[in-house]
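Chain letters run A, B, ... following the sequence lines, proteins first, then strands; residues in each count from 1.
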2 protein chains.
Amino acid sequence: MYDTKMNWDDIKIFLEVARSERLSTAAKRLSIDASTLSRRVHKLEESLSTKLFERTVEGHKLTQNGDKLLQFARQMELNASQAFKNITDENIQNSGQVRIGVTEAFGSFFISPHLIALQESFPNIDIELLHFSRNVKISRNEADIAIAVEKPKNTSTIISKLCDYQLQLYGHKTYLDKVMGRIDLSQLSSYRWVSYVDNLLFTEQLSYLKELDSNIKPHFQSTSITSQYTAIKSGLGIGILPCFLAEQDKSLIKLCSNEIKVIRSLYLITHPESKRLSHVNSVWQYLKQLVADKRTVLMPDN
Amino acid sequence: MYDTKMNWDDIKIFLEVARSERLSTAAKRLSIDASTLSRRVHKLEESLSTKLFERTVEGHKLTQNGDKLLQFARQMELNASQAFKNITDENIQNSGQVRIGVTEAFGSFFISPHLIALQESFPNIDIELLHFSRNVKISRNEADIAIAVEKPKNTSTIISKLCDYQLQLYGHKTYLDKVMGRIDLSQLSSYRWVSYVDNLLFTEQLSYLKELDSNIKPHFQSTSITSQYTAIKSGLGIGILPCFLAEQDKSLIKLCSNEIKVIRSLYLITHPESKRLSHVNSVWQYLKQLVADKRTVLMPDN
DNA sequence: GTTAGTATTTGCAAAAATGCAATGCTTGTT
DNA sequence: AACAAGCATTGCATTTTTGCAAATACTAAC
């Protein structure tokens, strides 16, 4: 993992030196002796095998690596102060920060609209929606709750199926007019397709086209589902879109709805260490309830 | 701020005890003596004036406050390991994590679609989009770059105007049919309005209706702009929407476009400590370029 | 060129933290 | 009931860290 010889407390004092740019003033602010400070900074540099400061006449200036450390040290400081605040403040029930990691489409078009309602239900919970372009690493604590299209291999996580969602073929009038308003199922590869950039997919779950017809060569590719949506809307071609995204836009026409139908699942993932926190669990339950309520948006055919 | 007497390194060892649930095994894993461990855990508890563990026969079980600390301790661990990785790995130029804090509308409808392109331009930069429902506190390091509708009062931040964006009055055919397809400017308060929940606004910048006619009483209110969008779309009433959101949906009709026009600005905010990091600066520049390229989407009339 | 001033580092004694051995506590076994 | 085993804690000698004072380095002013 990482070097446990690094003393986290030295990072705390590093922060102060980086900000004061002067060992002596940092020492005063920390109420420790400048000599101690000097020695501890050197110790930290040794444990990282790098120089963190350039000792100039103008004081301690951060090196490039010092800058890098500063970035994370600041986050550690934020966490430490949040921890302190959470613990010493009168224990407000069901309060704290919950970071939800989502994929683009589900995040922007399904969760986002209900995020604020969630915040109204739990005024003391601070929700953060994180858009990751790859799978969130719950085990690495990048988020408290992840919503993913595939189950992580990782064993140390709590996984619960959130829902199924349906995807269908959609097109816009502009393009359909060009192809006489009909899609011939036996000639799928002759149309202009909008899809993901194959080799940039972080999961096989999104390679819909291969399931339909391996001969299809997409005409417009994007790693962003929103871009695909916009492309289809502007008549660039046809493509597979989640119904919860496409159905809210009446200008899109559902095509071959009985023949072409893709079902995918979403999984709710968390870490045992997070799950037992009441506020994380509240959000978990809320999300479960939300998809239950919006079942018809996710699976229009059921 | 917070108690500086808290030793961050004690949080590191706390983590191990919380996970091992056993002082002795935690000691082995940390290669320090169990007695030291015991003393340091007690010291941490003292400095926080709280009990972190319930010492039971089954080992050290976290208390409620222990759980709270664990949550933040895990994040600190992630940060520490990222810092270590970033510094010890061969210095890959322009790499690292950049957290962009955005508001709902701009995040979901403007940034999100281009987020992946950004990631393609800078493959070594990890982008995180954070949706905050309030102003992001850059000074507290909640994000590396914030995009906000008003300048923060805080002096210690770097602020740069990102762009102006235009908002207009929109409605859907469903509702317009009910009011004979015309909006009478002298009778604005007689229509059904969709808007924000006044007293929940985190900034005055979003109280558009007061500027138009103080007599308007909204018929549908939501703190979520996406919900307002959906409400207007479904014919619940008319409302002010950002053009970059509404223009992409041809089913919405722009109303009184010459008479009712709201202009707002967005500001790019960062912290001096972040700004000098090359990867944060790269993203900053990218965002500047992006709004320049998409000028017409943000300000259709110019 | 000398001197005063400020800032960081080093020497050393005092203070604090650590490891080891021993103690006390509980549980499960004979 | 006695005993062994496992665990957290305490006493004490040892090691490490700390603060103070002194030393060193460097600049700026006269």
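- Taking atom CD on Glu58(A) and atom C1' on dC26(D), their separation rounds to 12 Å, with Å as the unit.
- Following rounding to the nearest Å, Glu46(B) (CD) and dA17(C) (P) show an atom-to-atom distance of 11 Å.
- Rounded to an integer number of Å, the gap from CG of Asp33(B) to C1' of dC12(D) is 13 Å.
- Distance Glu45(B) CD to dA8(D) P: 13 Å, rounded to the nearest Å.
- Distance, Asp10(B) CG to dA16(C) C1': 13 Å, rounded to whole Å.
- At least one side-chain nitrogen or oxygen of Arg55(A) sits closer than 4.0 Å to the OP1 or OP2 atom of dT9(C).
- The phosphate of dT8(C) has OP1 or OP2 within less than 4.0 Å of a side-chain N or O from His60(A).
- Within the structure, every side-chain polar atom (N or O) of Ser35(B) is placed at least 4.0 Å from both OP1 and OP2 of dG19(C).
- The heavy-atom pair separating Asp164(A) from Leu298(A) by the smallest distance is O-CB, 3.8 Å.
- Following rounding to the nearest Å, His42(B) (NE2) and dT18(C) (C1') show an atom-to-atom distance of 16 Å.
- Other residues, nucleotides and ligands contribute only 12 or fewer heavy atoms inside 6.0 Å of the NZ atom of Lys151(A).
- As a whole-Å value, the separation of Arg40(B) CZ from dA16(C) P is 16 Å.
- Considering only heavy atoms from C-beta on, Leu48(B) stays 4.5 Å or farther from Asn65(B) through its side chain.
- One interatomic measurement links the two molecules: CG of Asp9(B) to P of dT16(D), which rounds to 16 Å at whole-angstrom precision.
- With 3.5 Å as the limit, one finds a donor-acceptor pair spanning the side chains of Glu128(B) and Gln97(B).
- Here the side chain of Arg39(A) is nearest to one of dG11(D), dG11(C), dT9(C), namely dG11(C).
- With the nearest nucleotide of DNA chain D identified for both Ser38(B) and Val57(A), Ser38(B) has the one nearer the 5' end.
- Side chains of Asp293(A) and Gln289(A): a donor-acceptor N/O pair is present below 3.5 angstrom, by distance only.
- With hydrogens and angles ignored, no donor-acceptor pair under 3.5 angstrom links the side chain of Arg22(B) to the base of dG6(D).
- Taking only side-chain atoms of Ser24(B), from C-beta outward, the nucleotide of dT9(C), dG19(C), dA8(D) with the closest atom is dA8(D).
- Nucleic acid contact for Leu37(A): none, since no nucleic acid atom lies under 4.0 Å from a heavy atom of the residue.
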